[in-house]
Protein chains: 2
Amino acid sequence: MPRMSVQSRVSRNIQRIRREKDLSQEEVAHRTDIHQTYLSGVETGKRNPSILVVERIAKALGVDVSEIFKPN
Amino acid sequence: MPRMSVQSRVSRNIQRIRREKDLSQEEVAHRTDIHQTYLSGVETGKRNPSILVVERIAKALGVDVSEIFKPN
DNA sequence: TTGTGACTATTAGTCCGTT
DNA sequence: CAACGGACTAATAGTCACA
């Protein structure tokens with residue numbers, strides 16, 4: 001899977017990890033204080049979040065930020 | 001070096017890689033079409049760039065985006 | 001060559017409801 | 001529970017004159 005855009009990479013990783021941990025978007029929204037609708041936009045690759053937002057999501061998912069940017 | 005903020009992590013990695021490749025901020029600015037002053041702000045941890053901006057910088061530096069987010 | 005402050009234009013991010 | 005849309009506000013993208 002070469003040269004995938006950073007947005008799809010991030011969205012896939014976030015969704016995968018969130019599901020692995022059995023968390024709902026609403027739960028992550030609560031933990032991060034980011035709206036569910038926005039998280040949805042991130043997970044569907046429609047949003048271009050800042051690195052601080054990605055950091056908050058990573059924390060809420062209990063993983064290091066670098067996990068979110070791993071190629072898939 | 002535990003739990004360093006994503007901003008310092010990103011700024012350090014970008015600056016380190018850029019210097020390893022012997023590039024000036026202006027050269028990277030030209031390649032990314034991002035202004036030198038903005039890059040400076042990113043490298044000094046004062047900006048909170050979006051993931052698309054980080055992707056452009058990574059490309060200009062010839063590394064995968066994940067490199068930029070590696071802990072240091 | 002890199003950093004700063006100040007600024008405007010654009011986008012990130014919120015909040016509402018609805019599917 | 002997740003996605004979509006619109007309307008809105010806060011924050012970032014991007015520029016400049018200068019140190």
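Chain letters run A, B, ... following the sequence lines, proteins first and then strands; every chain starts at 1.
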Touch check for [X], heavy atoms < 4.0 angstrom, all strands: base, sugar-phosphate only, or nothing?
X       : result
A/Gln15 : sugar-phosphate
A/Arg19 : nothing
A/Thr37 : base
A/Asp33 : sugar-phosphate
A/Ile34 : sugar-phosphate
B/Arg56 : sugar-phosphate

Under 4.0 Å between a side-chain N/O of B/His35 and OP1 or OP2 of D/dT15, yes or no?
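Yes.
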query = Do we see a donor-acceptor contact under 3.5 Å between the side chains of B/Ser5 and B/Ser8?
reply =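 Result is yes, a qualifying pair exists.
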ask   = For residues B/Gln36 and B/Gln25, is any side-chain donor paired with an opposing acceptor at under 3.5 Å?
value =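 Short answer, yes.
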ask   = Who are the side chain to side chain contact (heavy atoms under 4.5 Å, CB included) partners of A/Lys21, not counting sequence neighbours?
value =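 A/Lys21: side chain to side chain contact (heavy atoms under 4.5 Å, CB included) contacts with A/Ile17, A/Leu23, A/Val63.
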Exercise for review: Write down the distance between CD (A/Gln7) and C1' (C/dA12), rounded to a whole number of angstrom.
Suggested key: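 The distance from CD of A/Gln7 to C1' of C/dA12 comes to 12 Å, rounded to the nearest Å.
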Check: Atom NZ of A/Lys46 and atom P of C/dA12: how far apart are they, to the nearest Å?
Finding: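 A/Lys46 atom NZ is separated from C/dA12 atom P by 14 Å.
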Task: Residue met sooner reading DNA chain C from 5', once B/Ser24 and A/Tyr38 are mapped to nucleotides - done: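 Result of the comparison: B/Ser24.
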Both B/Thr44 and B/Asn48 contact DNA chain C. Which one's nearest nucleotide lies toward the 5' end?
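The residue mapped nearer the 5' terminus is B/Thr44.
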- Message: Using the rule given for side chain to side chain contact (heavy atoms under 4.5 Å, CB included), can you reason through A/Phe69 versus A/Val54, listing the C-alpha separation, both sets of side-chain angles and the distance that settles it, and then say yes or no?
- Response: CA-CA 10 Å; A/Phe69 290 91; A/Val54 177; 3.7 Å; yes
Check your understanding: Do A/Ser40 side-chain and D/dC4 base share a donor-acceptor contact under 3.5 Å?
Key ->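 Absent.
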>> Using only modelled atom types and a 3.5 angstrom limit, is any donor from either the side chain of B/Gln36 or the base of C/dG3 paired with an acceptor on the other?
In response: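 A donor-acceptor contact between them is present.
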